[in-house]
Amino acid sequence: MTILILEQALNGLQFGLMLFLLAAGLTLVFGIMDMINLAHGSLYMVGAYLVASATAASGSFALGLLAGVVGAAAFGLLLEVVVLRRLYQRDHLSQVLGTFAILLMCNEAVRFVWGSQPIGASAPAALSGPVELLPGFFYPAYRLLIIGAGLAVAVLLWLLVTRTRLGMQVRAGASNREMAQAMGVNVQRLFSAVFGLGAALCAVAGGLMGPLLAVQVGMGESILILAFVVIVIGGIGSIRGALVGALLVGVVDTAGRTLIPLLFEQLMPLDLAASAGPAVASILIYVLMAAVLFWKPQGLFPAHG
Amino acid sequence: MSTPHLQTQHQDGPSPLDHRLQGARAVALLLALVALPPLANWLGADFYIGLASRILIFALAATSLNLILGFGGMVSFGHAAFVGLGAYTVGVLMTHGVMSAWVAWPAAFGVAALAAWLVGAVSLRTRGVYFIMITLAFAQMLYYLAVSLKTWGGDDGLSLPGRSSLAPLPGLDLANDTTFYYVVLAVCAGAMVLLWRLLNARFGHTLQAIRDNDTRMAAVGFHTRRYQHIAFTLAGGVAGLAGALLANQSGFVSPALMQWQQSGMLMIMVILGGVGHLWGGVIGAVVFLLLEEVLGHYTMHWPFFLGAALLAVVLVASNGLMSLMKRPTWLKASGRTKEAP
Amino acid sequence: ADNVKIGLLSTLSGPGAGLGVDIRDGFQLAVKLNGGKLGGLPAEVVVADDQASPDVGRQTADRLVKRDKVDFMTGVVFSNVMLAVGAPTFAAKTFYVSANAGPSQYAGEQCNPYFFNVAWQNDNLHEAVGKTVTEKGFKKVALIAPNYPAGKDALAGFKRFYKGEVASETYTQLNQLDYGAEISKLRAAKPDAVYIFLPGGLGINFIKQFVGAGLSKDMTLFGPGFSADEDVIKAVGDPMLGMFNSSQWAHDMDNAANKVFVAEFEKAYGRLPSLYASQGYDAARMIDAAVRDVKGKLDDKAAVRKALAAAKFDSVRGAFKFNTNQYPIQDYYLRVITRDSKGRVTNRTLGKVFSNHTDAYAASCKMPAL
Amino acid sequence: MSTALLEVSDLQTAYGSSQVLFGMQLHMRSGDVATLLGRNGMGKTTTVRSILGLTRPQGGSVRFLGERVDGLAPDRIARMGLAVVPEGRQIFPNLSVEDNLKAFAARRNGLSEPWTLDRVWAMFPRLLERRRNMGNQLSGGEQQMLAIGRALMTNPHLLILDEATEGLAPLIREDIWQCLDTLRAAGQSILVIDKYVQRLVKLANQHTVIERGRVVWQGDSPSLAAQPELWHRYIGV
Amino acid sequence: MSTTSSTSTPLLQVKALVKRFGGLTATDHATLDVMPGEIHALIGPNGAGKTTLIHQLSGTLAPDTGDIVFDGQSLIALPMHARVHRGLVRSYQITSIFKRLSVLDNLALAVQARSGSSLRFWARARAEAQRYAEAAEVAQRVGLGPLLGRTAGGLSHGEQRQLEVGLALATQPRLLLLDEPMAGMGPDESERMVNLLLGLRGDMTLLLVEHDMDAVFRLADTISALVFGRVVASGTPAQIRQNADVRRAYLGDDMEHAA
Ligand SMILES: Nc1ncnc2c1ncn2[C@@H]1O[C@H](COP(=O)(O)OP(=O)(O)OP(=O)(O)O)[C@@H](O)[C@H]1O
Ligand SMILES: Nc1ncnc2c1ncn2[C@@H]1O[C@H](COP(=O)(O)OP(=O)(O)OP(=O)(O)O)[C@@H](O)[C@H]1O
Ligand SMILES: [Mg+2]
Ligand SMILES: [Mg+2]
């Protein structure tokens, strides 16, 4: 039982950190630049495809990841320069429509290039097995890599946003673009850079998740919703909030899927438990979000007053 | 030569609080819609009568969303849940042998409105994106509830034994696609008139002003949450009614109706048509579904072209298709600043 | 009629797309080999995507039968979509020849003269594995399936023929891709075998993660044919070696029809055909036989039905006939994943599990008149 | 020290279809302290916005440090050494007090004694107490102080104050005047808009009175002080 | 219009109000009486807690402890709109108006808030001539008479401030809380505002926060000084002018004048 809990905790951590990579980009673009970007999930998808293809082509996962991340960042920048920057000044709803359109187009474009069927991506051979963390406790090596990478990115990002002048200027530009310009900040270039960074983070997440999940069209949407849940729980615009929210969602979701059915089997007849258990487990994170917002309507770490 | 307008008194255009039904165009549209079934029959394309019913039903649902999203500034990302509830109400009543539309449709309205009232009571504590997400959360809960209720089909959904009956009324057999279409058309037209009156009445003015500046509305003495709550409940009820019609149209009810993608689609329709335009929901639904239908006819990759069309609309029109119809907005290169949500 | 129109409504996008694509390819291959005709009439196949959604399926089916006025429908992969597609199709008096979905409803109480299933009843492959697992002497088996009706039917089917202890019964979300939590539970429960019913991409992920967690050394993995077919093997590769699964068909089956099919499929698409492809292929050939039988008089519904029920075609799986509920009576085989002579990882047939097997629901079918 | 700093000539600016500025003129030399006077709604803020590039003028020209800047992006102009304390403060609500000051710190003029965080703290001790507060958790006056500090931190060639004493307590307001006196003594060029004309007469050496987007009077402090009827007519009271 | 019967009991009693933001005590046992009909000015250094106090009176912020009694009844439990209906109305320090609407619509909404139910779903709101006439009257009163049709967002800063006050006036308050109504106004407009407020004397009671001392000394019957969240002095203008504490903390020694 302790092993089960330990393993679940690591799974939750791993899932949470991946969500964080996505949520961080989203919080940067949305919380800080005040832009609702539904195409964020598409960047995740494109990143995953690029990493998978580059890995297959180069034969090296590290090289593939690097190439894919650079490629996705470039794609993100292109998107920003060509379309999205026209939407910053628009109201949120126009942004929803515009980025939804991009999402549709990305999905179809990817389908066109790579086909409708999921493509396989494999973890580097060296990491494809389990490692023994404690005597008798095995854990997949690849998931450990994800945990490490997620933690590293989290720390770097937090420093960048809260501790550097660049981060301050981005936040300033977001809350009052005109005033930030009047203070001498080239907001446009800054936002492009942030967007590229967000895209790169997406690609890191997509590339790392590829071998674990399937690389397929539409993979970005459901995870996008989760990323939104994360940043809303954490408080929009707060990197710290995104991290806490991501870990919370990761752990609650993972634990819920194991423990709720177990619990229900104890409490009620088996057939009822079999249908109620998974349903309750599925809504757990939404219940969590609703509860958080009920007590704290601005999320756990409100970034604006 | 223009003079500074400090002392001249001129109106800066019609008040954004008021909305015109655009009588002439509305009547023309209505006539065209009335003429559609005979035309389709004549062309041997009666499939399109069913499609038109479906589009009108979505127009109704989108319009109900526009009431809260466009005029109330409440961006609900869970509106499909109310549509679904309405549909399930009809479906469940039918499995218990209740076929009468006179019972089932008001019940659908009532159930959805009640749910909206409850969801609104909690959600309206939050603002902006938090509101978007909490409405999504409730919709997801309802969705998973529907998935797990095996008695009512669970994920498989529920096939209805037939259409509701307008029994005491003679000559109206809803099983006939054309009759059904005219009933749907009547409901939609009625809803539009009601919405128009509502917006230009005190309630509408209040709602729109709350959207613009709720702090100030509270400071002059409006119980802002109450008006928003009423609008939210009303919109939920109308969505439920649309759901009841939808269940009848397709003869099938499933949790897929409540999925977040459906809520998203309703939202896209409203934004496409024009947020806060009387006709925004209708135009959005019609254009969106027709585009889907037409593009799908030509290519497997229709979502790409649909996306391109939507993107073009966003970039060209400041606020959906309806804003293209009003001259002043697109003559002015307007730098709209942020408002809701 | 001077031509025959087929509505091929299948899942062509999303995680289940691989299945739909194979059905489509199999079906179209048969039409192509037939010179573009079915039963001697020029064939027009209208392909549509149901996006794995019952609602979309319903709308699209409506469009196919009402606007395109197709003569036959086929192609649906998932049972929940099938249940939504059925009503409008039957109401329009259009025959449905299922190339995959075989829901228990249509096999039993809701059986319908317009519905023919040329694949199997959903439970059949699971029943076959249940029997195999018992025969191989496994005593403690963990079961995993998605939380939707077909998933529940699957495990019910398995348990109908499995006699040992069920270590755990887990229902996952239908579109779940990360099985970390389920795998942890397996590790804790220590069963000696695991039975999974995870179609398409779901199975791919599960197996990869199962192997990555090091569990494949401690427990034997079983699945129905569709969790171990060529599409899955292509994506997972070596880790699948040694997995047992059940099927009514395999590409190495030794009959003339199958040899042509496998060779032509590989030639046309550059990959080994899957179970779904074989079913799509058979569906087309069955329609071909029926149309020829009625000499193109498709308006005579009773005659068409009789011709379909006769199933006068050489199925790629060998012997094939319909039960009273218009579901198959056929044999089921055990397969194992190995390397073939060319070094490819693929299925090899081991032997028969059931002969002339029917389904558990036929008895409750009171087939209505046309 | 008397090189041309800012030359605004024949400026025409409109919001949409309504024109606000009709040929504004303004000339400042390095070291000048100039004012813009006029009633509400006469176009003072609009003039400032046009200089800063925030509202694009339709005609006329703006030269700053000899270079033509109308049509340039606002951030380019700002980086040339122009800083503003805007009307309505425009504090960044999501930055702490300290970050509001630090984010834009620069040394754009070559003056020997640059403004630093410590100097701003010394001038507004109240801000030091509130340094960790977010911008929107400040009182109105505190925000005003922050806006002034924020502009000073860029060490601009020209400092523009648009109603910088709005909402400040008399004592603080007096501090600001004294600070501006000090700045002037140190050679800082300043353009001020404020309603305390009497105080401005003491502070500035050059005044421009505008009415409906046009210059109606221009001159130095003694002549402004000598013409009370000007005040009545164009400024009020 | 004054409805309070006795002039000896205060219309508003603020009793030992406390409000903390984290470690900062923004309102520190503030105690204050506002008599009916008077113009009561509240002065104090920046950050003393004046706006925070107004927020608590109007219902935007909930105090930690203490009580607010208006016309003999405690308001603590009432939300903002309910306080407005009792006659306690505020204006904002940072302008808060309906930017997209015309001046007339702005004011008409405020009139609507107090005249009849807004749960009318059918009758045309535009048909209520009486209400729009009242709104136009208020506009006249705050000097926006010629600008009725102008979109509020396009008004100059000073004009927006006038509208801000107009919105509060249109609700016909018994006690009007004004947070720096003169901020951003030129001397001329300030003068007009002072006259406007003088004209309200007798119609309603005013609690005024203002840093423009000329205005304060011309208007106020009573002045209270708030320092670090505490009321340190309360009295007639003459008393306050002489108060050493107030001079040290707030007024300074030699005061300049607006033009
Ligand atoms: N964004 C805008 N859109 C339309 N008109 C505007 C806008 N901003 C200002 N105006 C108008 O331009 C004129 C000049 O405004 P400006 O703000 O420059 O005046 P000001 O002299 O700074 O006044 P104040 O002393 O009140 O700040 C005013 O009549 C105002 O109504
Ligand atoms: N939400 C908040 N969180 C933390 N501190 C706050 C918050 N709101 C106000 N404060 C602090 O409370 C103190 C009182 O603020 P308040 O706005 O009441 O001052 P004020 O007297 O109105 O000042 P001014 O005359 O400058 O407007 C200030 O120091 C301010 O920084
Ligand atoms: Mg100004
Ligand atoms: Mg204040």
A:R85, CZ atom: more than 12 neighbouring heavy atoms under 6.0 Å: yes

Qualifying side chain to side chain donor-acceptor pair (under 3.5 Å) pairs with a residue from residues 57-67 of chain D, counting only residues at least two apart or across chains: D:S9-D:S61

Contact summary for D:F92 and A:S175, nearest pair of heavy atoms: CD2-OG, 3.4 Å

Sorted by number, residues from residues 74-86 of chain D in contact with chain A (heavy atoms, under 4.5 Å): D:P74, D:D75, D:A78, D:R79, D:L82, D:V84, D:P86

Contact listing (chain D partner; residues 184-203 of chain A; heavy atom under 4.5 Å): A:G184, A:V185, A:N186

Polar side-chain atom of D:Q90 near backbone of A:M179 as donor-acceptor pair, under 3.5 Å: no

Side chains of A:R171 and D:D99 in contact at under 4.5 Å (non-hydrogen atoms): yes

Choice from D:R108, D:R150, D:K102 maximising heavy atom contacts with chain A below 4.5 Å: D:R150

Euclidean distance, A:N176 CG relative to D:N94 CG, rounded to 0.5 Å: 9.5 Å

Heavy atoms from other residues, nucleotides or ligands near CZ of D:R56 exceed 12 (cutoff 6.0 Å): no

Residue part contacting chain A, namely of D:R49, when any heavy atom lies under 4.5 Å: side chain

Minimal non-hydrogen separation, D:F104 against A:R165, with atom names: C-NH1, 3.8 Å

Region of D:A105 that comes under 4.5 Å of a non-hydrogen atom in chain A: both

Sorted by number, residues from residues 283-297 of chain A in contact with chain D (heavy atoms, under 4.5 Å): none

